[in-house]
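The analysis underlying the following values was restricted to heavy atoms, covering all of them including side chains, and did not include hydrogens, waters or symmetry mates.
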Amino acid sequence: MVTPETPADLGQLALRLAGKDFEAGRAARRAMWKIVRAAGRPGAGEERKAAVEQLLPLLEPGRPAAIHREALWMLSEIGGDECVAPIAALLSSPETREDARAALERIPGARSLAALKEALAAARDGFQLAL
């Protein structure tokens, strides 16, 4: 059983999240969020760093959009500057651009703001209004 107190492989849970078994996917999502929320608590810097390191590969191209979306929202809660570039890369995908935009808006700092401004300058298809 995965609990917030035990190390977990968020990548393996994410594979279940995108699988065909709805109940297994829902349980995986719930477990992932427990881990992320525990990692985001005050004083859990090492856990936060480990969780971010496991979530960032979930943004790589070729993963299902459902995994991208879930990882984006999780990173928006615990991520920092190290997440901006991988998140910004998903702004060009019609499937994930809204989630990526919202995630960048939730990450404080100059890097996330710069990424949003850069995306605004390059945006097409009416996405400028969202940015």
Exercise for review: Assess whether side chain to side chain contact (heavy atoms under 4.5 Å, CB included) is satisfied between R41 and E47, documenting all intermediate values.
Suggested key: CA-CA 9 Å; R41 74 186 187 283; E47 290 176 51; 3.0 Å; yes
Review point. Are L56 and V52 close enough, and set up right, to give a side chain to side chain contact (heavy atoms under 4.5 Å, CB included), and what steps lead you there?
Key: CA-CA 6 Å; L56 284 173; V52 168; 3.9 Å; yes
Exercise for review: Step by step, work out the salt bridge (Lys or Arg N to Asp or Glu O under 4.0 Å) result for R63 and E95.
Suggested key: CA-CA 12 Å; R63 301 250 186 201; E95 291 181 309; over 6 Å; no
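Between the side chain of R97 and the backbone N or O of P94 there is no donor-acceptor pair closer than 3.5 Å. With S93 contributing its side chain and L90 its backbone, the two residues share no donor-acceptor pair below 3.5 Å. R48 places a side-chain N or O within donor-acceptor distance of the main-chain N or O of I78, the cut-off being under 3.5 Å. In this structure, R29 contributes its side chain and L13 its backbone to no donor-acceptor pair below 3.5 Å.
Taking CE of M32 as the reference point, atom CD of Q12 lies at 11.0 Å (rounded to 0.5 Å). With rounding to the nearest 0.5 angstrom, the CD atom of E118 is 10.0 Å from the CG atom of L116. Rounded to the nearest 0.5 angstrom, E98 CD and F127 CZ are separated by 5.0 Å. Remark: C83 SG to R106 CZ distance equals 12.5 Å, nearest 0.5 Å.
What you find for I87 and L59 is that their closest heavy atoms are CG1-CD1, 3.8 Å. Residues A100 and L72 share a closest heavy-atom pair of N-CD1, 3.7 Å. Of all heavy-atom pairs spanning L17 and A66, the tightest one is CD2-O, 3.9 Å. Of all heavy-atom pairs spanning H68 and T96, the tightest one is CB-CG2, 3.8 Å. Nearest heavy-atom pair across A71 and L55 is CB-O, 4.2 Å. Closest non-hydrogen pair, A44 versus A38, comes out as CB-O, 3.8 Å.
Connection of W33 to I35 is established within a shared hydrophobic cluster, with ILVMFWY side chains joined at heavy-atom distances below 4.5 Å, either directly or through further cluster members. Under a hydrophobic-cluster definition in which Ile, Leu, Val, Met, Phe, Trp and Tyr are linked whenever side-chain heavy atoms come within less than 4.5 Å, directly or via other members, W73 and L91 are assigned to the same cluster.
The side-chain heavy atoms of E77 and R37, taken from C-beta on, include a pair separated by under 4.5 Å. Within the 4.5 Å cutoff, no side-chain heavy atoms of R16 are placed close to those of D21.
Counted within 6.0 Å of CD on E46, heavy atoms from surrounding residues, nucleotides or ligands total 12 or fewer; the atom is thus considered open.
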